[in-house]
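If you're wondering where the values come from, they're calculated on a predicted model, not measured in any experiment.
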Amino acid sequence: MGGWWEDLVGYQVYVPSFLDSNGDGWGDLPGVTSRLGYLADLGVGLVWLSPFHPSPFADHGYDVADYRSVNPRLGDLADLAALLEEAGRLGLRVLMDLVPNHTSSAHAWFTDALTGPGAAHRDWYIWRPPGPGGGPPNNWVSRFGGPAWAFDQASGEYYLHLFAPEQPDLNWRNPAVAAEFDDIMAHWLDFGFSGFRLDVPHVVLKHPDLPDNPEVPAERVRPDVRGATEWGRFEHLYDMDQPDLFDLYRRWQAITAPRGAMLLGEVNITEPARLARYTDGGGLDAVFWFGLIEQLWEPERLPPALVGPAGTVPGLAWVLSSHDRPRAPTRYGGAPAGRRRSLALAALTVGLPGLPFLYQGDELGLEDIDVPADRVQDPLVLWGGATYARDRARSPHPWAPGPGLGFTTAPQAWMPLGQREPSETVEAQVADRGSLLHAYRELFSLRGAEEDLRRGELAWVSSSAPLLSYRRGSTAVAANLGPGPGEVPLPPGRWQAVYRTDRSATGTGHEGRVPVAPEHVVVLKALP
């Protein structure tokens, strides 16, 4: 990676669900500002804000109606400036969520494009006449189900939308689109952001001829962790991962690099060699690794999802949860096992090359909530055929016991609060030294104190399930992912335990092997 970010811990703030400062039931920018100290105390150094732009909210803000303004429901430009000022005072860097693949259908560019083929912004989007028989131009499907094409009755043409019909794809082969985003990126970096979390940047360019994607044999199609199958019915050869993407990223680098800013890509590719092209000279500084976030608790499948990418992909952001997937404690078996396993994987990845990234609530061990069917807002479920509503992972952050969970004073929050226990709140966990919140604080404090955990040369000692261990300079990390007791191999020499996820006593010396409790991790320091 080679940038300032390699020393930091990242944290995703899902703004509508973080903290409501004015009692309207929606989290907002002033709410985030008031809790930046909490993130700094946790050991976070890099904050990613989910989209805060004006939006009809057809896809929870990822349908942007104005890239240069703030959604009034979340605040205004003065609130955003105050947030960045407070973050700077606390030593925090802030990333803006930039959505380059598509706009909202309510964006002024698209409303102009709808006026006809001669409109100034018509070619800012991807339009095609009907295919043979009058149907869609090709067989591409939307991530949210159904054809990736919507018909415009007025012009008799289809427009492309790889996500919701309310999210028309931009035509990045039009130089005017690229030039406009040059200005958008420079504007926000000069405003005070330290870079961008790029939403699905691997799909912004499509093959210029828009050919059909090959179909996958039916026996190979499997539901993803959200229960969706339609996207997986095709090999996505032509609607993503195009070879000239990297020229575009290097164009973005020409804007970010002189300002010392970061480009962090949400690139959902789980083949390490293929993913490595995006950061190994490909123009992005870092990419999220989806190899863990797409998995259930299957210890035998974890080593390949750790060893291969750690040694192949420069600039990984290690994530276990996000606003788009079931929360890790839920995927890993529910409390208490899911919380134990999530902390163990967080500790196992904390010393791997790259940077650890939390989704808000990971530090509390939050599980998904139940969302009544009449309150589901997720388009992936409403028309995409998924069985899992992403709303379940987007519930408001529980700050304190009681009505509103310290998130809001409104009679009802924008999203259900869920049946949170008092022990799941920030207030309760801050007061309990044995809580999961304190375990994460101690883990990130250790990472900050031990440079070798961040920059030492990586050497695996044991890389097969269930006992894994690696060395980085004068530190070692040993994991027992199995259901029974285990003695994990150590590098040569004598080692002293300095952190245990089971919170048992440290300070004991070990040589050759270290006993590790089931589904726990020990971090050790070399003794002279």
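- Ring geometry for His202 against Tyr278 counts as perpendicular: the plane angle is over 60°, on a 0 to 90° scale with 30° as the lower cut.
- Inspection of the Tyr440 and Asp362 side chains reveals no N or O donor paired with an N or O acceptor under 3.5 Å.
- Side-chain contact annotation: Arg327 with Ser342, donor-acceptor N/O pair under 3.5 Å absent.
- By the neighbour-count criterion of 12 heavy atoms within 6.0 Å, atom CD of Glu85 is sparsely surrounded, having that number or fewer from other residues, nucleotides or ligands.
- Annotation: the span from Leu263 atom CG to Thr256 atom OG1 amounts to 4.0 Å, rounded to 0.5 Å.
- Two residues are said to be in side-chain contact when any heavy atoms from C-beta on lie closer than 4.5 Å; Trp289 and Val313 fail this criterion.
- Side-chain rings of Phe407 and His397 stay apart, their centers remaining 6.0 Å or farther from each other.
- Inspection of the Gln429 and His438 side chains reveals no N or O donor paired with an N or O acceptor under 3.5 Å.
- Ring planes of Trp188 and His53: tilted class, angle from 30 to 60°.
- Note on Asp391 versus Arg375: no salt bridge recorded, every NZ/NE/NH1/NH2 to OD/OE distance being 4.0 Å or above.
- A perpendicular orientation is assigned to the rings of Trp172 and Trp252, their planes being inclined by more than 60° (bins at 30° and 60°).
- By the side chain to side chain contact (heavy atoms under 4.5 Å, CB included) test, Gln419 pairs with no residue at all, sequence neighbours left out.
- Salt-bridge check for Arg325 with Glu294: passed, with a basic side-chain N closer than 4.0 Å to an acidic carboxylate O.
- The closest side-chain heavy-atom distance from Leu198 to Leu264 is not below 4.5 Å.
- A donor-acceptor contact under 3.5 angstrom links the side chains of Tyr11 and Glu363, judged on distance only.
- By the 30° and 60° cut-offs, the orientation of the rings of Phe57 relative to His60 is tilted.
- Taking the six-membered ring wherever Trp is involved, the centroid distance between the rings of Trp399 and Tyr38 falls below 6.0 Å.
- Looking at Val141 and Asp239, their side chains never come closer than 4.5 Å, going by heavy atoms from C-beta outward.
- Interatomic distance, Trp318 CH2 to Leu292 CG, rounded to the nearest 0.5 Å: 6.5 Å.
- Taking the ring pair (Phe, Tyr, Trp, His ring centres under 6.0 Å) definition, one finds that Phe163 meets it with His102, Phe144, sequence neighbours left out.
- Because its NZ or CZ atom is both nearer than 6.0 Å to the ring centre of Trp4 and within 45° of the ring axis, Arg93 counts as a cation-pi partner of that residue.
- Residues passing the side chain to side chain contact (heavy atoms under 4.5 Å, CB included) test with Thr409: none are found, sequence neighbours excluded.
- For the pair Gln295/Leu302, a side-chain contact is recorded, criterion being any heavy-atom separation below 4.5 Å from C-beta on.
- The ring of Phe110 has its center closer than 6.0 angstrom to the ring center of Tyr159.
- Taking every heavy atom of both residues into account, Pro416 and Pro372 meet most closely at CG-CD, 4.2 Å.
- Contact between Leu189 and Ala261 at its shortest, heavy atoms only, is CD2-CB, 3.6 Å.
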Between Leu95 and Phe193, is a side chain to side chain contact (heavy atoms under 4.5 Å, CB included) present by the stated rule, with each step listed?
CA-CA 6 Å; Leu95 299 182; Phe193 282 94; 5.9 Å; no
Step by step, would you call Trp414 with Asp24 a side chain to side chain contact (heavy atoms under 4.5 Å, CB included)?
CA-CA 9 Å; Trp414 80 283; Asp24 67 354; over 6 Å; no
List the steps and the verdict of side-chain hydrogen bond (donor to acceptor under 3.5 Å, both in side chains) for Ser321 and Arg331.
CA-CA 9 Å; Ser321 302; Arg331 293 200 322 277; 4.6 Å; no
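- Aromatic pair Phe288/Trp48: centroids less than 6.0 angstrom apart.
- Judged purely by distance below 3.5 Å, without hydrogens or angles, the side chains of Asn101 and Asp199 never pair a donor atom with an acceptor atom.
- For the residue pair Ala410 and Gly25, the shortest heavy atom distance occurs at CB-N, 3.6 Å.
- Remark: Arg454 CZ to Arg447 CZ distance equals 7.0 Å, nearest 0.5 Å.
- At a cut-off of 3.5 Å, with distance as the only test, a side-chain donor of Thr103 or Tyr125 sits close to an acceptor on the other residue.
- In this structure, Ile184 CD1 and Phe196 CZ are separated by 9.0 Å, a value rounded to the nearest 0.5 Å.
- A donor atom on one side chain and an acceptor atom on the other are found under 3.5 Å apart for Ser21 and Asp28.
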List the steps, then state whether salt bridge (Lys or Arg N to Asp or Glu O under 4.0 Å) holds for Arg392 with Asp378.
CA-CA 9 Å; Arg392 297 178 59 190; Asp378 184 5; over 6 Å; no
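- Pro326 places a side-chain heavy atom less than 4.5 Å from the side chain of Asp368.
- The two residues Arg68 and Asp183 make their nearest non-hydrogen contact at NH2-CB, 3.4 Å.
- When all heavy atoms are compared, the tightest approach of Pro100 to Val204 is CG-CG1, 3.9 Å.
- Ring centroids of His236 and Trp231 are separated by less than 6.0 Å, placing the two rings close together.
- At a threshold of 4.5 Å between non-hydrogen side-chain atoms, the residues Thr425 and Arg420 do not count as touching.
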